[in-house]
Amino acid sequence: MAWSALRPENSPGHALATTTSAAFSDLAAWFRSGPADGQPDWEAAARNVYGADASHGAQLMILHGCGACHTIPGVTGADGSVGPDLGGLADRAYVGGVLPNEPGGLVRWLVNPTTYAPNTAMPDLGVTEAEARDMAAYLFTLRGE
């Protein structure tokens, strides 16, 4: 019953309620800003990583050294050629050839790629789930030409 003595902002459910509220706010804003024909852009919605910061994701890719192996448009120094060029990643069907290219699949891949493809050349880089969400948000901005 010690939890009952906590201030509301420190309660166990507060973080969940705050995150859920932010996600619903983002979703409502997305519906309000829909295309001129009034129809939702479901493809764009499928690639939206709610609550993530795409600009921070680009910075995290520098920090984790992703550019040593990948060419990543818009990321300083990311001109590697060991792994695939990540330009146009948002238009691909799969991540690492094994996971669906949607927010959950991309986040899981970034956190622990060897779980899904044990023989992949991509190492586990110690990316947290929060970092992976930001990185995925940036990668989903990379559309093909």
Side-chain angles (χ1 to χ4, degrees), residues 6-145:
L6 293 174
R7 296 174 56 134
E9 64 271 12
N10 295 331
S11 71
H14 181 73
L16 176 62
T18 301
T19 302
T20 303
S21 175
F24 281 121
S25 293
D26 289 347
L27 184 61
W30 174 76
F31 272 108
R32 283 191 302 275
S33 68
D37 67 2
Q39 299 299 313
D41 182 351
W42 295 113
E43 188 66 27
R47 302 284 189 254
N48 192 4
V49 185
Y50 292 104
D53 180 354
S55 64
H56 187 235
Q59 295 169 358
L60 287 167
M61 284 185 256
I62 294 170
L63 178 70
H64 285 286
C66 302
C69 294
H70 298 280
T71 296
I72 311 168
V75 175
T76 305
D79 56 4
S81 60
V82 175
D85 183 330
L86 298 181
L89 181 94
D91 299 324
R92 298 180 192 165
Y94 291 95
V95 177
V98 294
L99 291 171
N101 190 18
E102 45 83 26
L106 183 53
V107 168
R108 286 192 307 274
W109 177 261
L110 292 169
V111 169
N112 198 357
T114 58
T115 294
Y116 303 100
N119 295 323
T120 184
M122 183 164 166
D124 292 333
L125 297 171
V127 174
T128 67
E129 182 180 344
E131 290 173 330
R133 292 175 58 74
D134 289 346
M135 293 164 75
Y138 179 77
L139 291 169
F140 282 135
T141 69
L142 303 178
R143 310 284 314 176
E145 297 300 316

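Atom CG of D79 sits about 11.0 Å away from atom SG of C69, to the nearest 0.5 Å. Distance check: T120 OG1 to W109 CH2 gives 4.0 Å after rounding to the nearest 0.5 Å. If you take CZ on R133 and NE2 on H56, they are separated by 13.5 Å, rounding to the nearest 0.5 Å.
Residue H70 forms a side chain to side chain contact (heavy atoms under 4.5 Å, CB included) with just one option from L86, V75, L89, and that option is L86.
Listed here is the closest heavy atom pair of G80 and T71: O-OG1, 2.9 Å. When all heavy atoms are compared, the tightest approach of G126 to E131 is O-OE1, 4.0 Å. Closest approach of Y138 to A54, counting heavy atoms only: CB-O, 3.3 Å. Contact detail for A90 and F140: the closest heavy-atom pair is CB-O, 3.4 Å. Residues M122 and T114 share a closest heavy-atom pair of O-CG2, 3.8 Å. Pairing each heavy atom of L125 with each of H64, the nearest pair is O-ND1, 3.7 Å.
D53 places no side-chain N or O within 3.5 Å of a backbone atom of D134 that could act as its donor or acceptor partner.
Contact check for L106 versus L99: no side-chain heavy atoms found under the 4.5 Å cut-off. Annotation: side chain of L142 is in contact with side chain of I72 (closest heavy-atom distance under 4.5 Å).
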Test side-chain contact (heavy atoms from CB on, under 4.5 Å) on L110 and V95 and set out the steps.
CA-CA 10 Å; L110 292 169; V95 177; over 6 Å; no
M61 and L139: side-chain contact (heavy atoms from CB on, under 4.5 Å), yes or no, with the steps?
CA-CA 10 Å; M61 284 185 256; L139 291 169; 4.0 Å; yes
